[in-house]
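Atoms considered below: every heavy atom in the structure, side chains included; atoms not considered: hydrogens, waters and symmetry mates. Residue numbers begin at 1 in each chain, while the letters A, B, ... track the order of the sequences.
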Amino acid sequence: MELSLRNTLTRESDVIGPLDGATFRFYCCGPTVYGPAHIGNLRTFVLQDVFRRFIESLGIETCHVRNITDVDDKTIRESQRSGLSLQEFTQQWQRKFTNDCQALNILPPAHEPSAVAHIADQIRLIERLIDQGHAYQAENGSVYFRISSFKEYGKLSRLKLSGIQKNASDRLVDNDEYDKESWRDFALWKTWKSEDGPNRWESPWGPGRPGWHIECSAMSMHYLGESFDLHSGGIDLIFPHHENEIAQSEAATGKPFAQHWFHIAHLRVNGEKMSKSLGNLYTLDEVVDRGFQPAALRYLLLSGHYRQPLNFTWESLAAAASTLRRILGHAEGVDPELLENAGDTSLETFIFNPVLEALCEDLNTPKALGVLNVGLQGLKALDDGAQQAARRDLARILQMLGLPWQFQKSRTETRVPPEVEALALQREKARIAHKWDEADLLREALLKQGWEVRDEVGGFEINRTEGNV
RNA sequence: GGCGCGGUCGCCAAGUGGUAAGGCCGAGGACUGCAAAUCCUCUAUCGUCGGUUCGAUUCCGACCCGCGCCUCCA
């Protein structure tokens, strides 16, 4: 079995395998750490994680690099606002990001470089570009990439230079167009300005800081070499970020940069892109505060194809939570150690194979989940042996998708207010005394307060009604 | 203006040139003091109009609607 994955560069599907025949080397553009990641950001990282888990499960060794962007306009601006140093500020958000990833069961990359820690690499790369005539220092002191020197510019996004409308997105940051040879040229090194405060690094072009694009080129080449297998990020990074990375990197090395480009579509809310200005940003903390487990979000994010926008609603999250809870019910009683020595094909049964095939077709996670559910139908009617085999399949699939084997005990359980607890206990007493009317009234009272009580053998459980998983 | 994506059951979402996976919700049943959970069963002709074809939701064209990118947004 091999994975065919759509390549943004060619707009065709390629079979995924390591260029060097040994290790699949890939780079993912990581977060800019100036605030909490929103669940749209997390979609990208979850899909990249599934990609990695899947190719590893196919027996391919990987080297996964995901950077931390800790120097740019936003990190500098926000750190100053917060009164912290850039380093203190970004480290705090990096820790938050790491926690979110952990909660979502995203594997840590093999290397997680910070842009600030690789400024020397970036400077060397810029020097190479200047030496070859691909970059120049302007009168304002900044260094720009000369787009006219790279004939293939636009090959990823397929935007023609002539068709690029100036500041079409109204996001133009620097008003430096008169300093550049062409307004399309982009900054490699930004000369220090007073508003940057203490955030400056020495360079052959004077104090300043690197441009965003050069950071990723330098870091990816540092860890993966001048040519590597795959580069990934959110779909919005195609232009200009990845286009510029290609231009810089290939102009400097004369070699192809990344073989394959893997882009993940956006998560939407109410049919629109998440953004601060629309006020429709959600974070993992908000998801958890509403009583959902991170795994439910992960399931939801997998329920749409990565090349298709996915519309987030609280209703769809609740649906994901319900489905996942049911699926995990089937995984109960599977010994995780069974998987340790399960590298054999005996596991490939009627459940496993269809899922594998779906994932091999351009990482079709929604189809995979669909056929998983089909496989699970009628499971309980099977004989013990078949059920055991099916459960091991399931466990292996969950591992591949990065889903947990069981939900954690409800996190809200410990936060039940005493008065709610008291009502529930009162109801339990009434039940034991077979005072059904009283018990039902108390249950309704609890429900009105947003708490649901469920009877279990020898006791009960209370949960928040929303996202009660 | 340029480039690109999409419109499939109430909601989410796959898919195919031969009459449409799956999930959630809902309905019915089993179970249960009643609920919940669980299990079983049921629920769509694919934006509009043309064309190609023996046959199109799937290919082509037009149109309508929604969305993304066009210099630092995942």
Side-chain angles (χ1 to χ4, degrees), chain A residues 11 28-32 37-45 47-48 69 72-74 147 154 157-160 162-169 171-174 177 183-187 190 211-213 215 232-241 243-244 263-268 271-276 299-300 303-305 307-313 315-327 329 354 358 361 364-381 431 434-437 439-440 443-444 447 452-456 460-461 463 468:
Chain A
R11 314 281 159 113
C28 301
C29 286
T32 302
H38 63 249
I39 58 178
N41 297 320
L42 296 171
R43 178 187 191 190
T44 299
F45 302 121
L47 264 299
Q48 289 165 345
T69 299
D72 79 327
D73 289 343
K74 291 187 292 277
I147 284 186
S157 60
R158 305 203 177 180
L159 289 172
K160 292 192 179 86
S162 56
I164 294 180
Q165 205 166 76
K166 197 159 152 188
N167 199 21
S169 61
R171 286 189 299 126
L172 206 63
V173 175
D174 282 328
E177 59 176 293
W183 68 269
R184 298 182 189 91
D185 291 349
F186 57 90
K190 296 183 160 196
W212 178 36
H213 314 302
E215 295 174 5
S232 170
I235 194 168
D236 53 324
L237 296 186
I238 292 175
F239 192 90
H241 186 52
E243 195 70 73
N244 291 352
H263 289 107
I264 292 106
H266 280 145
L267 187 66
R268 292 185 187 166
E272 285 174 312
K273 181 178 164 176
M274 283 197 174
S275 72
K276 272 190 179 157
Y299 187 95
L300 176 65
S303 74
H305 188 85
R307 284 201 283 122
Q308 224 49 60
L310 179 64
N311 198 24
F312 173 87
T313 63
E315 196 187 353
S316 62
L317 181 57
S322 297
T323 308
L324 183 58
R325 179 172 48 194
R326 182 177 49 71
I327 290 174
E361 296 163 13
N364 195 333
T365 52
K367 188 175 185 182
L369 295 175
V371 296
L372 171 62
N373 278 305
V374 173
L376 259 19
Q377 284 170 358
L379 182 66
K380 299 213 164 163
R431 274 191 72 228
H434 288 224
K435 293 178 183 168
W436 309 126
D437 289 346
D440 289 349
R443 180 164 57 202
E444 270 179 46
L447 207 55
E452 186 177 40
V453 58
R454 288 177 184 165
D455 296 328
E456 293 187 335
F460 61 90
E461 193 168 314
N463 275 303
N468 52 353

Checklist entry - Whole-Å distance between B:C5 C1' and A:Ile235 CD1? => result 7 Å

Item to check | Span that lies between the C1' atom of B:C25 and that of B:G61, in whole angstrom | outcome: 39 Å

Next on the checklist: Between B:A20 and B:A44, how far apart are the two C1' atoms, rounded to whole Å?
Outcome noted: 8 Å

Checklist entry - Just how far is it from atom NZ of A:Lys367 to atom NE2 of A:His305, taken to the nearest 0.5 Å? => result 11.0 Å

Next on the checklist: Rounding to an integer number of angstrom, what distance separates B:G17 and B:C60 when you compare their C1' atoms?
Outcome noted: 13 Å

Checklist entry - What stems, by residue range, does RNA chain B take part in, given at least 3 consecutive Watson-Crick or G-U pairs under 3.5 Å? => result B:1-7 with B:64-70, B:10-12 with B:22-24, B:26-30 with B:38-42, B:47-51 with B:59-63

Item to check | With sequence neighbours excluded, residues passing side-chain hydrogen bond (donor to acceptor under 3.5 Å, both in side chains) with A:Thr69 | outcome: A:Asn67

Checklist outcome for this item: A:Ser157 meets the side-chain hydrogen bond (donor to acceptor under 3.5 Å, both in side chains) criterion, sequence neighbours left out, with A:Glu243

Checklist outcome for this item: B/S/- along nucleotides 29-42 of chain B (protein heavy atoms under 4.0 Å) is ----BBBS-SSS--

Item to check | Distance, P atom - from B:C9 to B:A13, rounded to whole angstrom | outcome: 11 Å

Item to check | Nearest-neighbour nucleotide for the A:Arg268 side chain, B:C67, B:U71, B:G22 considered | outcome: B:C67

Checklist entry - Which whole number of Å gives the distance between the P atom of B:G18 and that of B:G55? => result 14 Å

Item to check | C1' spacing across the pair B:U16 / B:C11, given as an integer number of angstrom | outcome: 24 Å

Item to check | Nucleotide B:A14, atom P - distance to CZ of A:Arg307 in whole Å | outcome: 11 Å

Next on the checklist: What is the separation between atom CG on A:Asn41 and atom C1' on B:A74, rounded to the nearest whole Å?
Outcome noted: 5 Å

Next on the checklist: Whole angstroms only, please: what is the CD-C1' distance between A:Glu361 and B:A21?
Outcome noted: 12 Å

Checklist entry - When rounded to the nearest 0.5 angstrom, what is the spacing between CG in A:Leu310 and CG in A:Leu47? => result 9.0 Å

Checklist entry - Any side-chain N or O of A:Lys273 less than 4.0 Å from the OP1 or OP2 oxygen of B:C69? => result yes

Next on the checklist: Taking B:G47 as the reference, what is the distance to B:U43 when you measure between their C1' atoms (whole Å, please)?
Outcome noted: 22 Å

Checklist entry - Rounding to a whole Å, what distance do you find between A:Asn373:CG and B:A13:P? => result 16 Å

Checklist entry - Given the P atoms of B:G7 and B:U58, what is the spacing between them in whole Å? => result 11 Å

Checklist entry - Mind checking what makes side-chain hydrogen bond (donor to acceptor under 3.5 Å, both in side chains) contact with A:Arg443, not counting sequence neighbours? => result A:Asp440

Checklist entry - Between B:A74, B:C67, B:G15, which one does the side chain of A:Asn364 approach most closely? => result B:G15

Checklist entry - Sub-3.5 Å donor-acceptor pair from the side chain of A:Thr323 to the main-chain atoms of A:Ala319, do we have one? => result yes

Checklist entry - Which whole-number value in Å describes the distance from A:Leu159 CG to B:G68 C1'? => result 12 Å

Are there any protein N/O atoms within less than 3.5 Å of an N/O atom in nucleotides 6-11 of chain B, and if so, which ones and at what distance?
none

